[in-house]
Novice: 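Quick one: structure below, then a few questions.
These values consider heavy atoms only, across backbone and side chains, with no hydrogens, waters or symmetry-generated copies. Just follow the structure's listing: the first ligand is 1, and inside any ligand the first atom is 1. Here the structure is a predicted model, which is why all the values come from computation and not from measurement.
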Amino acid sequence: MPDELPTAPPRDNIILIGFMGSGKSTVGRMLAKRLRFHFLDTDRLLEERSRMAIKVMFARYGEPYFRERETATLESLSGLRRHVLATGGGIVTQPCNVPLLRGLGWVVQLTADPAELYARVAKSTSRPLLQTENPKERIEAMVEERRPLYAAAAHFTVNSTGLAREQVVELILEEARAVFGWE
Ligand code: S3P
């Protein structure tokens with residue numbers, strides 16, 4: 001008997017986590033195409049199911065309600081196979097979501113410097129948490145606050161600062177081949 005059993009490869013889904021503007025949706029779609037996996041985005045799924053935009057949900061019912069719906073969306077995906085899943089930037093703030101994410105598959109964190117994140121989301125009006133007087137400061141504070149949460153949830157991290165999306169996809173694919181034992 002070997003001392004340690006080999007670690008089983010995770011379920012064949014790739015779960016992308018990371019701050020707003022880290023590229024989860026764009027990279028996720030590209031990754032899914034390359035792997036011939038399906039692509040899903042928890043925010044879009046939640047919006048479709050509730051027939052309401054996230055910013056409307058925040059305004060009408062508040063963030064705690066959104067977080068409940070977000071967890072319910074994640075729970076509903078337990079049978080997923082061969083998917084790339086992009087998640088909302090705050091999904092790691094609810095501790096109960098972390099085992100759900102890791103149970104679903106291989107969790108990849110996308111990071112980028114706050115200045116780059118800001119540049120990517122500066123014009124967005126659909127992100128209620130950034131509709132403040134000083135979104136740049138808000139991003140810096142939230143990135144700091146969430147840093148340990150993303151790190152604890154992730155199996156693998158890619159820092160996309162200064163990289164083209166294609167390069168980010170390649171880095172994930174390279175690691176995925178080893179993790180899943182793909183040829
Ligand atoms: C949020 C990120 C958003 C969305 C909601 C809350 C967050 O998703 O889920 O506005 O708390 O960081 P994106 O990361 O796709 O922008």
Novice: Check this for me, if you would: do Arg34 and Glu170 make a salt bridge, where the nitrogen-to-carboxylate-oxygen distance has to be below 4.0 angstrom?
Specialist: yes
Novice: Enumerate the residue pairs fulfilling ring pair (Phe, Tyr, Trp, His ring centres under 6.0 Å) with a member in residues 158-178, sequence neighbours excluded, ordered by first and then second residue.
Specialist: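 Of all non-adjacent pairs touching residues 158-178, none passes ring pair (Phe, Tyr, Trp, His ring centres under 6.0 Å).
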Novice: With sequence neighbours excluded, what pairs up with Thr132 under the side-chain hydrogen bond (donor to acceptor under 3.5 Å, both in side chains) test?
Specialist: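 Thr132: no side-chain hydrogen bond (donor to acceptor under 3.5 Å, both in side chains) contacts found.
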Novice: So, are Arg67 and Glu63 salt-bridged, with charged N and O less than 4.0 Å apart?
Specialist: yes
Novice: Among Val143, Val121, Leu117, find the residue that satisfies the side chain to side chain contact (heavy atoms under 4.5 Å, CB included) test when tested with Ser22.
Specialist: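 It is Leu117, the one option of Val143, Val121, Leu117 that forms the side chain to side chain contact (heavy atoms under 4.5 Å, CB included) with Ser22.
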Novice: Can you pull the residues with any heavy atom under 4.0 Å from ligand 1?
Specialist: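 Only Met20, Lys24, Asp43, Ile54, Phe66, Arg67, Gly88, Gly89, Gly90, Arg127, Pro128, Leu129, Arg146 have heavy atoms that fall under 4.0 Å of ligand 1, ordered by chain and number.
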Novice: Scan residues 109-128 for pairs that pass salt bridge (charged side-chain N to carboxylate O under 4.0 Å, His left out), counting only residues two or more places apart or in two chains.
Specialist: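 Applying salt bridge (charged side-chain N to carboxylate O under 4.0 Å, His left out) to every pair that reaches into residues 109-128, excluding sequence neighbours, yields Glu116-Arg120.
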